[in-house]
Amino acid sequence: RVQLVESGGGSVQTGGSLRLSCAASRSTYRLYTLGWFRQAPGKEREGVAVINDDGRTRYADAVKGRFTISQDNAGTTLYLQMNSLKPEDTAMYYCAARPWIGRAPLIPLGPNAYSYWGQGTQVTVSS
């Protein structure tokens, strides 16, 4: 079972940038598919961006063109570069993993498809 630890959250003003990191306890290459999710107060958890080890990615419409998901070659660290941040991006951000999807055509973006979760890191964007 993989363990995940997020870092990099903080407070920024509208238009600012943050880079989140997620350290995995082991290499996730061909074992897990990874993603970033967020939950704002009073709202359901939602998918932000997901990535498979073949480089394919998938983004929520709300963050397309502003956020970029990536991972290191060793498969031990997941990143989320967040640019042009908006107040509506304010949320707790979680890193999550699920069993590797192989070459399935669509990477799941819904949080219910992911089994292993980090503790979260808070992102606050002020106007």
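Computed from a predicted structure; not experimentally measured. All values below come from the heavy atoms of this structure, side chains included, with hydrogens, waters and symmetry mates left out. Counting from 1, the numbers follow the sequence of the chain as shown.
Here the closest heavy-atom approach between residue Gly9 and residue Thr121 is recorded as N-OG1, 3.1 Å. Taking both residues in full, the closest heavy atoms of Leu4 and Cys95 are given as CD1-O, 3.7 Å, listed atom of the first, atom of the second, then distance. The two residues Thr28 and Ala24 make their nearest non-hydrogen contact at CG2-CB, 3.9 Å. Ala40 approaches Ala91 most closely through the heavy-atom pair N-CB, 3.8 Å. Considering all non-hydrogen atoms of both residues, Leu34 and Tyr114 come closest at C-CE2, 4.2 Å.
Salt bridge absent: Arg30 and Asp54 never bring a charged side-chain N and a carboxylate O closer than 4.0 Å. A salt bridge does not link Lys86 with Asp89: none of the charged nitrogens is closer than 4.0 Å to a carboxylate oxygen.
Between the Ser25 side chain and the Gln3 main chain, a donor and an acceptor come within less than 3.5 Å of each other. Of the possible donor and acceptor atoms, one in the side chain of Ser27 sits under 3.5 Å from a partner among the backbone N and O of Ala74. Formation of a donor-acceptor pair under 3.5 Å by the Asn52 side chain with backbone atoms of Arg56 is not found in this model.
Each of Met82, Gln39, Glu6 was scored for a side chain to side chain contact (heavy atoms under 4.5 Å, CB included) with Tyr93, with one residue passing: Met82. Remark: of the listed residues Glu46, Glu44, Glu88, Glu46 is the sole one forming a salt bridge (charged side-chain N to carboxylate O under 4.0 Å, His left out) with Arg38.
Cluster membership for Val48 and Val50, using ILVMFWY side-chain heavy atoms within less than 4.5 angstrom, is not shared. Under a hydrophobic-cluster definition in which Ile, Leu, Val, Met, Phe, Trp and Tyr are linked whenever side-chain heavy atoms come within less than 4.5 Å, directly or via other members, Leu31 and Ile69 are assigned to the same cluster. Cluster annotation: Leu109 is not connected to Leu78 through the hydrophobic network of ILVMFWY side chains, with a link wherever side-chain heavy atoms come within less than 4.5 Å. No path of Ile, Leu, Val, Met, Phe, Trp and Tyr side chains, each step under 4.5 Å between heavy atoms, connects Tyr94 with Val2, placing them in separate hydrophobic clusters. Both Phe67 and Val125 sit in one connected hydrophobic cluster of ILVMFWY residues. Membership requires side-chain heavy atoms under 4.5 Å apart, directly or through other members.
Between Pro87 and Thr14, the closest side-chain pair of non-hydrogen atoms falls below 4.5 Å. Counting heavy atoms from C-beta outward, Gln71 and Thr77 have side chains that stay 4.5 Å or more apart. Ile107 has its side chain out of reach of Thr57: every pair of non-hydrogen atoms, C-beta onward, lies at least 4.5 Å apart. At a threshold of 4.5 Å between non-hydrogen side-chain atoms, the residues Ser17 and Gln81 count as touching. Between Trp100 and Tyr29 the shortest side-chain heavy-atom distance does not fall below 4.5 Å. Proximity of Pro99 to Thr33: side-chain heavy atoms (C-beta onward) are nowhere separated by under 4.5 Å.
A cation-pi arrangement is not found for Arg98 relative to Tyr116, the charged atom failing to lie both closer than 6.0 Å to the ring centre and inside a 45° cone about the ring normal. For the pair Arg19 and Tyr79, the cation-pi criterion (under 6.0 Å, within 45° of the ring axis) is fulfilled.
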Query raised in the report: So Tyr32 and Asp53, side chain to side chain contact (heavy atoms under 4.5 Å, CB included) or not? Walk me through it.
Result: CA-CA 8 Å; Tyr32 299 97; Asp53 60 358; over 6 Å; no
Query raised in the report: Where do Trp117 and Phe37 land on the ring pair (Phe, Tyr, Trp, His ring centres under 6.0 Å) test, with the steps shown first?
Result: CA-CA 10 Å; Trp117 293 83; Phe37 301 80; 5.0 Å; yes
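Other residues, nucleotides and ligands contribute more than 12 heavy atoms inside 6.0 Å of the CZ atom of Arg103.
Here Arg66 contributes atom CZ and Ser84 contributes atom OG; the two are 7.0 Å apart, rounded to the nearest 0.5 Å.
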